[in-house]
Undergrad: 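After the structure tokens below, expect a handful of questions from me.
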Amino acid sequence: MAEVRGLAPSRFEPVREVFARHFDDGLELGARFALAIEGEVVLDLMAGFADRAITRPFADDTLTPVFSTTKAIAALMVASLVDEGEVDYEAPIAGLWQEFADAGKDRVTIAEALSHQAGLPGFAEPMNARDWFDAGLIGARLAAMSPMWPPGSASGYHPVTFGYLAGEIFRRATGRDLGVAFREDIAVPFGLDAWIGLPDSEHFRCAETRKPSTQPDLGSLTEPRRVAFRTAWASPGGVSLADWRRASIPSVTGHATAPALARMMAILACDGRLDGRQVLSPATIASAIVERINGPDLVLPFDLSWGAGFLRNEGLSIYGPGQASFGHSGWGGSCAFADPKRRLSGAYVMNRQSAYLIGDPRPVALIEAAYACL
């Protein structure tokens, strides 16, 4: 059986067994799973290797790219603006970002953008994949773009553009980069090893990813799905891995450890408190996680319930059995979640990616095993 390291109290032995079995079955390269109750990490499992050559153990300080799980960080940071009265979820984005009113987007609210209702899942016109690393250019294109469906009528997952919408809202409201603000306001004060925009000094700690051999199943290839995932420019590319890591794209370039994400999500699971400090008000959290839209997503082939940037567990049961749980999942399998009813939070990170869009069986099995131990 695989050697599993970390914090593994006997009450969670079934979780450790599931975690080890994933390695024994060849499903993992390196991975980590952490669980927090009331913001205190009570389970922290890791095993495997951080590199594809299998020479560097997956360690306490290994940083893993979490791709779209980054969106949970972005949603938390926009919630902090709501809490401070800097923005209102129900206010039009154009009130902060005047150019965004073009092409019939004058009434698109912040909450609609964060719940993937803005109709801007990607760009149909050919572009260089390197353009994604110019936030000003992408912002201008989004501001000029016509929605692909009437805003507010349906959700359609915005895999990359979400980060530019959230990031520009944050920058227009505060003058600050969202990733920098997260480090200064949340990560450093609470000792969270999580980043959006990774400085060169931390790159040596990063896990190397092993990509899946198959493409995710999107169902029939509609135009929203094509522009979101299937064009040559659908995601940032054409630069070095170091440049990718440095980039502050609040939808995809997050790097973190599992305990850091579990403790971050504890803010949302514990009425806005972490380590005895009030970070968000319960009212703001309620507004962030309330259902904004529910139904067939126009990009992901699922019926989804979205809050303001958070994927709600209702109808999915990927974040445990409770329908009040919520969080976000990332390309390849990572996820972070919060359960306010249990005051429980958790996260899973890994470097062997699967082709599951959401609900990767590995974290689902770990979370289910953890709930069975409570």
Undergrad: Flag the pair Leu280 / Ser80 as yes when at least one side-chain heavy-atom distance between them is below 4.5 Å, and no otherwise.
TA: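 They are in side-chain contact.
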Undergrad: Does a sphere of radius 6.0 Å around CZ in Arg130 hold more than 12 heavy atoms from other residues, nucleotides or ligands, not counting ones at 6.0 Å or beyond?
TA: no
Undergrad: Sub-3.5 Å donor-acceptor pair from the side chain of Arg5 to the main-chain atoms of Phe58, do we have one?
TA: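 Checked: pair present.
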Undergrad: Return yes when atom CD of Glu40 has more than 12 non-hydrogen atoms of other residues, nucleotides or ligands closer than 6.0 Å, and no otherwise.
TA: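 It does not: Glu40 CD has 12 such atoms or fewer within range.
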Undergrad: Okay, side chain of Asp83, backbone of Ser281: is any donor-acceptor separation there less than 3.5 Å?
TA: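 Side chain of Asp83 to backbone of Ser281, a donor-acceptor pair under 3.5 Å: yes, one is there.
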Undergrad: So, for Pro57 and Thr62, which heavy atoms are closest and what is the spacing to 0.1 Å?
TA: O-OG1, 4.0 Å
Undergrad: Please examine the side chains of Gln353 and Phe67, heavy atoms only from C-beta on, and report whether any two atoms are closer than 4.5 Å.
TA: yes
Undergrad: How about Val4 and Phe23: do any of their side-chain heavy atoms sit closer than 4.5 Å?
TA: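 No, every pair of side-chain atoms sits at 4.5 Å or beyond.
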Undergrad: For a quick test of reading the model, state the closest non-hydrogen atom pair linking Arg16 to Leu45 and the distance between them.
TA: CA-CD1, 3.8 Å
Undergrad: Side-chain heavy atoms nearer than 4.5 Å, only ILVMFWY residues, links allowed to pass through others: does that put Phe170 and Ile249 together?
TA: yes
Undergrad: Quick one: are Asp271 and Arg343 in side-chain contact, heavy atoms under 4.5 Å?
TA: yes
Undergrad: Nearest 0.5 Å please: distance from the CZ atom of Arg225 over to the OG atom of Ser220.
TA: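 Between atom CZ of Arg225 and atom OG of Ser220 there are 5.0 Å.
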Undergrad: Before you tell me yes or no, could you show the steps for Leu142 and Ile138 under side chain to side chain contact (heavy atoms under 4.5 Å, CB included), namely the whole-Å CA-CA distance, both residues' side-chain angles and the distance that decides it to 0.1 Å?
TA: CA-CA 6 Å; Leu142 287 171; Ile138 296 300; 4.1 Å; yes
Undergrad: Does Thr253 reach the side chain of Phe133, with side-chain heavy atoms less than 4.5 Å apart?
TA: no
Undergrad: Could you check whether any side-chain N or O of Trp132 sits under 3.5 Å from a backbone N or O of Trp233, counting only pairs where one atom can act as donor and the other as acceptor?
TA: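 Confirmed, Trp132 side chain pairs with Trp233 backbone.
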Undergrad: Apply the test side chain to side chain contact (heavy atoms under 4.5 Å, CB included) to residues Phe12 and Leu374: give CA-CA distance (whole Å), side-chain angles for both, the deciding distance (0.1 Å), then the verdict.
TA: CA-CA 8 Å; Phe12 291 114; Leu374 297 176; 4.1 Å; yes
Undergrad: Holding to side-chain hydrogen bond (donor to acceptor under 3.5 Å, both in side chains), I want the full list of residues that pass it with Glu202, two or more places apart in sequence or in another chain.
TA: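 If we apply the side-chain hydrogen bond (donor to acceptor under 3.5 Å, both in side chains) test to Glu202, skipping adjacent residues, the hits are Arg205.
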Undergrad: Judged by modelled atom types alone, do Glu314 and Ser325 share a side-chain donor-acceptor pair under 3.5 Å?
TA: no
Undergrad: On a heavy-atom basis, which atom in Phe310 and which in Ala75 lie closest, and how many Å separate them?
TA: CZ-CB, 3.5 Å
Undergrad: So, taking the atom named OG1 in Thr209 and the one named CG in Asp51, what distance separates them when rounded to the nearest 0.5 Å?
TA: 12.0 Å
Undergrad: Give the intermediate values and the outcome of ring pair (Phe, Tyr, Trp, His ring centres under 6.0 Å) for residues Phe229 and Trp331.
TA: CA-CA 12 Å; Phe229 285 113; Trp331 164 236; 8.1 Å; no
Undergrad: Between the side chain of His158 and the main-chain N/O of Gly156, is any donor-acceptor distance below 3.5 Å?
TA: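 The answer is yes, because a donor-acceptor pair under 3.5 Å joins these two groups.
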Undergrad: Measure from NZ or CZ of Arg292 to the centre of the six-membered ring of Tyr89 and say whether it is under 6.0 Å with the direction within 45° of the ring axis.
TA: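 Because its charged atom sits under 6.0 Å from the ring centre and within 45° of the axis, Arg292 does stack over Tyr89.
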Undergrad: Under 3.5 Å, is there a donor-acceptor pair between the side chain of Asp106 and the main chain of Ala94?
TA: no
Undergrad: Do Ile110 and Leu96 come within less than 4.5 Å of each other through their side chains, counting heavy atoms only?
TA: yes
Undergrad: How does the hydrophobic cluster around Leu29 look, that is, which other residues are in it when side-chain heavy atoms under 4.5 Å mark a link?
TA: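 Once heavy-atom contacts under 4.5 Å are chained together, Leu29 belongs with Phe49, Ile54.
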Undergrad: For Asp243, is there an ion pair with Arg246 - N to carboxylate O distance below 4.0 angstrom?
TA: yes
Undergrad: Give me the atom names and distance for the closest heavy-atom approach of Leu35 to Ala370.
TA: CD2-CB, 3.8 Å
Undergrad: Can you check whether Ser155 reaches Leu300 side chain to side chain, under 4.5 Å on heavy atoms?
TA: no
Undergrad: Got more than 12 heavy atoms from elsewhere within 6.0 Å of CD, Glu84?
TA: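 Yes, because the 6.0 Å sphere around CD of Glu84 holds more than 12 heavy atoms from other groups.
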Undergrad: Examine distances only and state if a side-chain atom of His255 and a backbone atom of Trp195 form a donor-acceptor pair shorter than 3.5 Å.
TA: no
Undergrad: Do Tyr356 and Met350 sit in the same hydrophobic cluster, where Ile, Leu, Val, Met, Phe, Trp and Tyr count as joined when their side-chain heavy atoms come under 4.5 Å apart?
TA: no
Undergrad: Can you list the steps and then say if Glu368 with Val364 is a side chain to side chain contact (heavy atoms under 4.5 Å, CB included)?
TA: CA-CA 6 Å; Glu368 287 178 351; Val364 169; 3.6 Å; yes
Undergrad: Please answer: with hydrophobic residues joined when any side-chain heavy atoms are less than 4.5 Å apart, are Leu268 and Val42 in the same cluster?
TA: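 Looking at the clustering, Val42 is in a separate group from Leu268.
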Undergrad: With rounding to the nearest 0.5 angstrom, report the OG to CG distance, Ser329 to Leu311.
TA: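 Answer rounded to 0.5 Å: 6.5 Å.
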Undergrad: Check whether any side-chain heavy atom of Asp297 sits under 4.5 Å from a side-chain heavy atom of Phe302, and report yes or no.
TA: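 No, too far: nothing below the 4.5 Å cut-off.
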Undergrad: Looking only at atom types and distance, does a side-chain atom of Lys105 sit under 3.5 Å from a main-chain N or O of Ala143, one as donor and one as acceptor?
TA: yes
Undergrad: Salt bridge or not for Arg32 and Asp44, using N-O below 4.0 Å?
TA: yes
Undergrad: Does a donor on one side chain and an acceptor on the other come within less than 3.5 Å for Asp360 and Tyr348?
TA: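 The answer is no; no qualifying pair exists.
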Undergrad: Given Met46 and Asp60, is the side chain to side chain contact (heavy atoms under 4.5 Å, CB included) satisfied, shown in steps?
TA: CA-CA 8 Å; Met46 72 194 82; Asp60 281 341; 2.9 Å; yes
Undergrad: Using a 3.5 Å distance criterion without hydrogens, assess whether the side chain of Arg312 forms a donor-acceptor pair with backbone atoms of Phe326.
TA: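 No: the side chain of Arg312 does not pair with the backbone of Phe326.
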Undergrad: Quick one: pull up CZ in Arg362 and CG in Asp25 and give me the separation to the nearest 0.5 Å.
TA: 12.0 Å
Undergrad: When hydrophobic residues are tied together by side-chain contacts of less than 4.5 Å, even through go-betweens, does Val279 share a cluster with Leu178?
TA: yes
Undergrad: Examine distances only and state if a side-chain atom of Lys71 and a backbone atom of Pro159 form a donor-acceptor pair shorter than 3.5 Å.
TA: yes
Undergrad: Which pairs pass salt bridge (charged side-chain N to carboxylate O under 4.0 Å, His left out) with one or both residues in residues 141-156, sequence neighbours excluded?
TA: Asp131-Arg141
Undergrad: Which pair of non-hydrogen atoms, one from Leu120 and one from Thr161, has the smallest distance, and what is that distance?
TA: O-OG1, 2.6 Å
Undergrad: Could you pull out the closest heavy-atom pair between Val108 and Ala118, with the gap in Å?
TA: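 Between these two residues, the closest heavy atoms are CG1-CB, 4.0 Å.
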Undergrad: Please check this pair: side chain of Glu28 against backbone of His22, looking for a donor-acceptor N/O pair closer than 3.5 Å.
TA: no
Undergrad: Scan side-chain atoms only and decide if Ser68 and Tyr157 contain a donor-acceptor pair under the 3.5 Å cut-off.
TA: yes
Undergrad: Does CZ belonging to Arg107 count more than 12 external heavy atoms closer than 6.0 Å?
TA: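 Result for CZ/Arg107: open.
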Undergrad: Do Ile358 and Leu298 sit in one hydrophobic cluster, given that two such residues count as connected whenever their side-chain heavy atoms are within less than 4.5 Å of each other, even indirectly?
TA: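 Not linked; separate clusters.
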Undergrad: What is the ring orientation for Phe162 with His116, classed by angle as parallel under 30°, tilted 30 to 60°, or perpendicular over 60°?
TA: parallel
Undergrad: Once you round to the nearest 0.5 Å, how far does CG of Leu63 lie from CG of Asn351?
TA: 12.5 Å
